[in-house]
Number of protein chains: 2
Amino acid sequence: MLKTYSMFDDILQRDQHAVAKGTILKSEGEESHSRMYVAGGWLAASKSLEDGEQQIIEFILPGETYDPTATDGKTSFLQIEALCDAVIVSIDKTSWAQLLRQDPELRKSERQREIAAQARQSERMLRLGRASAETRIAYVLIELCIRVSRQGTGFDSEFHVPFGQQQLGDFTGLSSVHVCRTLRRLNRAGVIRTGDHMDILIKDQHALAELAQVDIAALRDEITTDAA
Amino acid sequence: MLKTYSMFDDILQRDQHAVAKGTILKSEGEESHSRMYVAGGWLAASKSLEDGEQQIIEFILPGETYDPTATDGKTSFLQIEALCDAVIVSIDKTSWAQLLRQDPELRKSERQREIAAQARQSERMLRLGRASAETRIAYVLIELCIRVSRQGTGFDSEFHVPFGQQQLGDFTGLSSVHVCRTLRRLNRAGVIRTGDHMDILIKDQHALAELAQVDIAALRDEITTDAA
DNA sequence: CGTTCAGTTGAGTTGCTTCAACCCGTGTGG
DNA sequence: CCACACGGGTTGAAGCAACTCAACTGAACG
């Protein structure tokens, strides 16, 4: 992670720019010719139905890159939005190709990241299609916790996510009302404790993993790129 | 497609082998060191919850390749099953890397296929999380129709899928009973006609697209790799 | 000619949604 | 400093879409 970061140093100097919370960096169907590197802040990649229903497909965290360019090489197939104030570097297609060519390490680590993203997405689809609200919420809390506390061996058990229950619903395919109810139930059961502004404390990791129907250690290996 | 196919000719001669319908080619967590090329038949890539609920993540059609190997480089993160009698070629990691190195065309077309798969998956997640049973079923019929009739400009409007309503449910996150009801409703409304053994005839393409909340032409470009 | 398996249909249940009210912390203008 | 509006979270009540369970049909097959 840190190693990869340093590879962008020269680009970081030149092309990084700050974006405010709520900024839409790319819309569905809009022109797209570049990969974005997130130097700070969280992004959400989402799709919407005509009736306005939104589904968040992926969160993009600091240190990760993402390219929403479709097969036509010209347009974005999903919408990218800043969930909080963020710092983004745009790397155009040819520069990116050059970076990959120059640096086999980068190529390999980006490949790993793609596989990890694919594994995460599969886990989510499974629960989106087949699991209860409780399982979906428990799972997403664990996934986010792992991704946030990627440094160190740790499952930090306490973390913060820079968005609200509405977005958690858009990610898990639930209404914000039901997200709220489910979170409250987990609170009352003593499994988690939620603080102000989406601070999450996992009080009973074992119980949460049970609810999420997941093995935390195995999941960490699967959805993470850090060699242990 | 045909062009890509010819690239595998030498390998096809050597290493292809037939598998019977229902064969599990890879299980979750099982050893996996190779990419598979599907010379004939359909595969399903799926994940299961502990309680046995299954979600099909992707169908793999003839002419496509797939590699379920996780970030550890050793195990598969999902299950691969033959939906009908099929012919598979296993290409080990190093051979595949060599093929990609030798042939920039192959590398490019595989990259395109990955992007198309990602776009399809996003469309499905959107509907899995946010759309009604009717929309999900309508969408999957259109997606499959496009993928099946990829040759030619055509939306063939009539096609066959080699699996039952149960699997359609596992793909759309619905019970087989509800798949049946929804299909019947579409039949009665005159939008489609279903024949024996999952033969599908799309009678009213426009109405189906409306239900699926999708623009067929745009979708074809997005989820397909054939330059028009 | 019985068995099996996929699809079909009805009846009853339930988990999640929608709608609506209310609370509370924050920002804002008189 | 208070009044007010505003947005996010919380809770209750009511509705409904999809689920489960169970029975039946019909085609395929030995």
Side-chain angles (χ1 to χ4, degrees), chain A residues 20-22 44 49 51-56 83-84 127-141 160-189 192-201 211 213, chain B residues 20-22 44 49 51-55 83-85 127-141 160-189 192-201 211 213:
Chain A
K21 169 177 176 173
L49 251 16
D51 59 32
E53 292 281 19
Q54 194 186 26
Q55 175 71 38
I56 294 178
L83 292 169
C84 53
R127 284 164 182 82
L128 220 39
R130 292 303 187 190
S132 67
E134 211 163 50
T135 300
R136 294 189 214 179
I137 294 288
Y139 172 78
V140 62
L141 292 180
H160 172 77
V161 289
F163 52 81
Q165 298 183 347
Q166 177 63 55
Q167 281 89 332
L168 208 49
D170 289 342
F171 194 49
T172 51
L174 300 167
S175 68
S176 66
V177 174
H178 204 62
V179 169
C180 175
R181 283 189 223 280
T182 308
L183 244 22
R184 302 266 79 234
R185 205 177 317 134
L186 292 178
N187 260 298
R188 277 186 222 108
I192 61 169
R193 179 141 306 283
T194 55
D196 262 8
H197 293 294
M198 281 281 141
D199 288 318
I200 315 278
L201 167 64
L211 287 172
Q213 300 196 59
Chain B
K21 169 178 177 172
L49 251 15
D51 58 32
E53 291 282 20
Q54 194 186 24
Q55 175 71 39
L83 292 169
C84 53
D85 293 345
R127 284 164 183 83
L128 220 39
R130 291 303 187 190
S132 68
E134 212 163 49
T135 300
R136 293 189 215 180
I137 294 287
Y139 171 78
V140 64
L141 292 180
H160 172 78
V161 290
F163 52 80
Q165 297 183 349
Q166 176 63 54
Q167 280 90 331
L168 208 50
D170 289 342
F171 193 49
T172 52
L174 299 167
S175 69
S176 66
V177 174
H178 204 61
V179 169
C180 176
R181 282 189 224 281
T182 308
L183 245 23
R184 303 265 78 232
R185 206 176 319 134
L186 293 178
N187 260 298
R188 278 186 221 108
I192 61 169
R193 179 142 306 283
T194 55
D196 262 8
H197 292 295
M198 280 280 140
D199 288 317
I200 316 278
L201 167 65
L211 286 172
Q213 299 196 58

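Only a predicted model underlies this, so the values are computations on that prediction, with no experimental measurement involved. Computed over heavy atoms, backbone and side chain alike; hydrogens, waters and symmetry mates excluded. Every chain is numbered from 1, with letters handed out A, B, ... down the list of sequences.
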Tell me whether [X] contacts the main-chain N or O of [Y] through its side chain, where contact means a donor paired with an acceptor under 3.5 Å.
X         : Y         : value
Thr135(A) : Leu211(A) : yes
His160(A) : His197(A) : yes
Arg127(A) : Val140(A) : no

Legend entry - Spatial distance of atom CG (Asp199(A)) from atom CZ (Arg193(A)) [nearest 0.5 Å]: 12.5 Å
Inset, instruction - Enter the distance from Gln167(A):CD to Ile56(A):CD1 here, rounded to the nearest 0.5 Å. - result: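 Interatomic distance, Gln167(A) CD to Ile56(A) CD1, rounded to 0.5 Å: 5.5 Å.
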Inset, instruction - Would you please name every residue forming a side-chain contact (heavy atoms from CB on, under 4.5 Å) with Thr182(A), sequence neighbours left out? - result: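 Result, side-chain contact (heavy atoms from CB on, under 4.5 Å) vs Thr182(A): Ala133(A), Glu134(A), Ile137(A), His178(A), Arg185(A).
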Inset, instruction - Work out which heavy atom in Leu174(B) is nearest to a heavy atom in Arg130(A); give both atom names and the distance. - result: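 Minimum heavy-atom separation between Leu174(B) and Arg130(A): O-NH2, 3.2 Å.
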Inset, instruction - Write down the atom of Cys180(A), the atom of Gln165(A), and the distance for their closest heavy-atom approach. - result: CB-OE1, 3.2 Å
Inset, instruction - Report yes if a side-chain nitrogen or oxygen of Gln165(A) is closer than 4.0 Å to either non-bridging phosphate oxygen (OP1 or OP2) of dT10(D); otherwise report no. - result: yes
Inset, instruction - Specify the separation, in whole Å, of atom CZ of Arg184(A) and atom C1' of dG8(D). - result: 13 Å
Inset, instruction - Using the heavy-atom set of chain B and a strict 4.0 Å cut-off, write down the first and last nucleotide of DNA chain C that makes it in, 5' to 3'. - result: dG7(C) to dA11(C)
Inset, instruction - Treat primed atoms plus P, OP1 and OP2 as sugar-phosphate and everything else as base, then score nucleotides 12-30 of chain D 5' to 3': B for base contact with protein heavy atoms under 4.0 Å, S for sugar-phosphate contact only, - for none. - result: BB----SSBB---------
